[in-house]
Structure formats: structure tokens, C-alpha cells
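Fair warning: this is a prediction, and the values are worked out from it, not measured in the lab.
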Amino acid sequence: MAYVDEGTINAIRRKHPIKEIVERYVSLTKKGEDYWGLCPFHADNNASMSVSVKLDMFQCFACHKAGNIFNFIADMENISYGDAIRLLAKEDGYEVYSVKKNDSNLEYYEIFKLANKFYQNNLNSSLGKNAIKYLEDREINRDIISKFELGLSISRQPVTPFLLNKYDINKLIDIGISNTDSNDVFVDRIMIPIHDLHGNPIGYGARIYQTKDGSKYINTKATKLFDKGRILYNYHRAHELLKKDEAIIIMEGYFDVIRASTVGVNNCVAPMGTALTKEQVSILKRATNTVILCFDGDEAGKNATIRAIPLLEEAKLNVKVVRLEEKDPDEFIIKRGKDEFIKKISNPLSVIDFKMSILKDDKDLNDAKDISEYLDQIIRELVKETDEFVVEVNLKKLASRFDIEYDLLKKRYNKYKSANKVRSGNNNIVVKKEKVLDKYGQATDNLLYYMIKSGSVIEKAEKDVVMILDDKKRMLFNEIIYYYHKYGELIIADFISYLVTSTEVFDTFNEIINMNLKDDYTDREISDYISVVNEYVREDKIKKLEMELKFEPDPMKQASICMEITKIRGVKNNDRRN
């Protein structure tokens, strides 16, 4: 597999006209030079989305989504920009290894790939017989071993000396393969490679297999590549096979995920031995709208489920729950088989059904007081439910089960609902502020807009603009100039790919391009924009010097500052940068 460079990304883009890609999802009608259709990114009834064949980009004039084919696919499929590139690259016969904002980590990925091969060779050697038996006893066959790239670290066959033939020890230490004494970090453990979201190897989960001493699992230490709060085990495999309307199943352990794969369930991921994080939830949201929690069947698994639900619901994900009778999914599948597991995940509990189940755990439902307390707790949970049908069904279910009048339960529900609205009312008011630009801000934005559109404006701005003070806009200004000089022109669709994969200013670009200014402009207008920008920079510099003067006690330095202020005030609008 290979790193996708900028030239390859642009070649892939040119093979797929924007109209062809958008029409995979949306019907388009030609109006003038462009095509128009209903925007799929908001509730659109007015065909607000324009597709420009000339610029090879789409743009919605209502919700302001804009971009090239990769932006469109990424937003439609809930995947990252890099994964959208990977998707089309595969259609064109490219093998994509990494789409990164820089290539500084490529050598580290190569080290991990080489280490993985070394560990796999260990497992398949005569020294790996005990580990192979352990895996086979757990009903993990050779195909699964190969699919998940399982390997073996062995004290008699360390990886560090092998890697030192090609790589510096400090690099091996940096990524958590070797210790400072040049020994292996992982010894006599089954090695489970962990990958980032794009499938790049970045670390290991390492499990003991022939002793009960020490920790069952140890993970790679925190490194520049391995941040366990931002990784989901098996995500790079799971999301590639996932259809948009399918769920991702979250399990607790590596072997739970591996075991599920043995029975054909491949849409499973696992956090890195910790509670689910907001960053991991954000990753899940890119891939799916629905998540099934299938944690261990013990008390710890129940509590982990309870903690995860609000985090997922806050992200507006549809949450389902599977509770298992066995210790974990691994054990459940071994003991009860594929069909029972498929039945479980095909019929998950809703969140409210899960809560109704666990809230009765410490209740005696033959006792009137416990029943009253239980119903009260359930009704309070139902108040949080946004689907009125779910509320009605469950209130009727409770009325029937406990032989209580529905109207009585509904009355209690309405009481809590009203109280909840009063408490949260102020929090539900969102005031959307319109972006208000001053003269300088407007001039800066207009100048950037026409730089994106015209090489001659780029050349004039580079020559005449003193500085852009806004950090993001200054970065975009510099990126436009850099890109123009590198390629001799600025093709907007290619420039978008460059911004997304190599910079942090695509959002700023998107704001600018969505201004949709008139196509024609005069040289005088461009000169006026530059004059306003430069005047603002001078005034800002003068203000800072005046503040410095105010607190400067040394008369000689005061005089120097005054001279500098006078000099700046004498600068004309067409002065150049140093």
C-alpha cells in the first residue's frame, strides 16, 4: 500500500467529474452553465445546491456546504475526507495506505509494519506453538489470525535488534516498541496490532497466554501516534464495510471484536480498555447514526453501559443496548453459538427498555412502595425521551403490567415534563448571531475571495499587502500564494484537497468562497481593498506603540517610539512588505 500524495489525489479527482459524483445521490437539473438539485445536507425544498462543472465543485446557497467531490462523499457517507479519497482511489485501482496532513509519521508506520511481520513470523515459527494452541483452544483459527494480523513477542526472539538494523533506537522508544535499555517493551505476549482511523498501524494490545502473572493486557504507551482516547479498535475495518443505515456495535475487548468476526459480525469496535470518550463518540458519529452497546454481562459492563448512554445521546446518536447472560461476547458466542448472538444483536433493547430493566434490579416488585418508587424513576426517564410514540407505548405497558390506570401515569408524566421545561427553558433558547464585519474585515474577505478566483489578484496582493492580522485569514492568504507559485495556477477543486489534507484553514476558505461576490471586479476595487487592509495594520501598530509609550519611563526610548509612530503615519498606502 502507498501514501497518497497530492498529485495522486488530484488525478483521482479529475477522473470523477463533480456532476457524476453528486448524481449518485441527488437528481440534478441544468440551469444556465450549472446544475441544481435539492441539497441533501439540510431540509431543502428549493433546489438550493449548485453544481459547477467549470469549477468542479458543489455549493449550497442555503446551508453553505461547499467543496469538491471528496467533501461531498465525506458528508454524504459520514466519513472523513481521507476516507472519501480512499473510497474513490479503490474504484480507480489505487492501493491507499495513508492520507495525512503531513508525511512526518510515515517512517513510524513502516516500523510498525515491519514489527508486525516480525511478530507474525514468530507466531508461525516453532517458538509459537504454545501461542497457536492457546488461540486454537479459544477457537481462533488461522484465517482469523491472519485477518487481524495477530503476532507473538518472544523473549528468545526480540524485535528490537531486528529493527535496529534499519532504524534508530530513539524512534523505537518514541513509538513504544523498545525501552531505553534497547530491550523489547512487549515480551511473551500475543500481539494485537492497533490501527488509526485510516488503517495505519500505531500500537499494540498485548495479551499474556501462558501465565496468570502480571496484567492480562498491556497497551502501547501514550505516544504522538497512540492516544487511546482517540482510537477505536477495529474501526478501520468496521466502517469500510458499514452501510449508512447500519449500526456499529461497541464491545469492551479486543477478543470480543475478534470473536464476533468469526461468526460474520464485522461491524464491531472496542475502546482501548477505558470508558468511552467524547472523541471516540465523534468518530462513531461520522460512520453511523446508530450505536449498539454490547458490553460485558457483569456489573462492570452494566455500569459502563449506563455511563456511555448519555455521552452517545448527547451526540444525537440512536442508542441500542444488548445485555448478555455470559461474561462477555467472546464467551457468549462460544457457549451459545452464532444464531443466538445474531438474534441478540438483531433485537437490541431501546435505552428506555434497558433502564426499565436495570431500575428494577434492587426492587421488590411485590412491594407497593418499591413499585411506586420504580414507576416514579421510569416516568422521570421517559420525560427525557423525545419520541412521543415511545412515551405512549411505555406508559401503556406500565399501566398494563402493574394494573394502574393509564391516566394516572400520564398525569405524573405531564407534571414532570412541565417541571423539566421550566428548569431547562432558558437553556433551550439559542440566539444565532449574524456575522458582522467592520470595514477592514470586509476588505480582507473580499480580497481573499478574488485571490481565490484570479492569479493576477494573487500577484498584486502578494506585492502590496503589508500583513493580514487575523491568524486564520493570514494563513489562508499565505497558502493561496504558496499554492499559486507552486503550480502556476489555482484550480479551486485541487486547492480544496490541498487545504483539507495539508492545512488547518479549510473552514476559513469555506466562509470566504460562500460569499458569492460578483464575478467581475475592477483593478480600483482590488487596490481599495488592499489600502483598507494596510491602513488597518498601520493603525494597529500605532495603537500598540502608543500603549508602549504610555508605560515607558525612559525619555530616550520615548523619543524613539515617537519617531517610529511618526514614520508609520507617513507611510503611504502602497508601501510594500519587508
Side-chain angles (χ1 to χ4, degrees), residues 1-5 8 94-135 140 142-211 214-215 217-228 231 233-234 236-237 254 272:
M1 301 179 84
Y3 170 68
V4 185
D5 59 33
T8 304
Y94 293 95
E95 267 199 295
V96 177
Y97 178 55
S98 172
V99 179
K100 298 290 288 181
K101 290 193 174 180
N102 57 67
D103 60 0
S104 63
N105 296 324
L106 288 180
E107 187 174 25
Y108 291 135
Y109 301 146
E110 293 299 327
I111 294 172
F112 276 116
K113 285 174 65 180
L114 199 56
N116 287 351
K117 292 295 183 186
F118 185 89
Y119 289 138
Q120 289 166 41
N121 288 338
N122 278 350
L123 184 62
N124 292 312
S125 73
S126 59
L127 295 174
K129 288 181 179 178
N130 289 340
I132 287 289
K133 183 177 185 307
Y134 168 84
L135 291 169
I140 304 294
R142 295 276 182 169
D143 288 341
I144 296 296
I145 290 171
S146 176
K147 176 179 179 178
F148 288 91
E149 305 170 48
L150 302 184
L152 181 67
S153 59
I154 310 174
S155 56
R156 291 166 59 188
Q157 191 92 313
V159 73
T160 299
F162 171 73
L163 294 174
L164 284 176
N165 289 322
K166 188 174 181 181
Y167 300 104
D168 182 78
I169 184 62
N170 291 320
K171 291 184 177 178
L172 306 185
I173 294 168
D174 285 345
I175 58 175
I177 286 180
S178 306
N179 289 318
T180 52
D181 57 5
S182 298
N183 290 321
D184 288 4
V185 168
F186 304 103
V187 179
D188 296 326
R189 288 177 178 265
I190 290 172
M191 302 299 289
I192 306 168
I194 297 168
H195 302 75
D196 68 13
L197 307 184
H198 306 291
N200 304 311
I202 57 171
Y204 296 100
R207 195 193 195 287
I208 56 174
Y209 67 98
Q210 56 187 4
T211 177
S215 300
Y217 285 98
I218 56 173
N219 288 330
T220 293
K221 69 177 184 179
T223 69
K224 65 178 291 188
L225 300 180
F226 191 86
D227 179 349
K228 62 184 179 181
I231 305 165
Y233 176 66
N234 198 50
H236 70 292
R237 297 186 189 95
Y254 306 123
M272 300 287 101

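Scanning for salt bridge (Lys or Arg N to Asp or Glu O under 4.0 Å) contacts around R207 gives an empty result, with sequence neighbours left out.
Using a distance-only test at 3.5 Å, with no hydrogens or angles considered, no donor-acceptor pair links the side chain of S155 to the main chain of V187.
Using a 4.5 Å heavy-atom cutoff, the side chains of L164 and I169 are in contact. Side-chain contact check for L150 versus Y254: every heavy-atom pair is 4.5 Å or farther apart. Within the 4.5 Å cutoff, no side-chain heavy atoms of F226 are placed close to those of K221. For the pair N116/Y204, a side-chain contact is recorded, criterion being any heavy-atom separation below 4.5 Å from C-beta on. Residues L123 and I132 form a side-chain contact, since some pair of their non-hydrogen atoms from C-beta on lies under 4.5 Å apart. Side-chain contact between F112 and I177 is present, with heavy atoms from C-beta onward closer than 4.5 Å.
Counting only residues at least two apart or in different chains, salt bridge (Lys or Arg N to Asp or Glu O under 4.0 Å) contacts with residues 167-186 comprise E107-K171. Note on residues 143-162: pairs passing ring-ring contact (aromatic ring centres under 6.0 Å, His included), not counting sequence neighbours, are F118-F162.
Counted by atom type alone, D196 and N200 present one or more donor-acceptor pairs between their side chains at under 3.5 Å.
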Apply side chain to side chain contact (heavy atoms under 4.5 Å, CB included) to the pair N121 and Q157, showing each step before the final yes or no.
CA-CA 10 Å; N121 288 338; Q157 191 92 313; over 6 Å; no
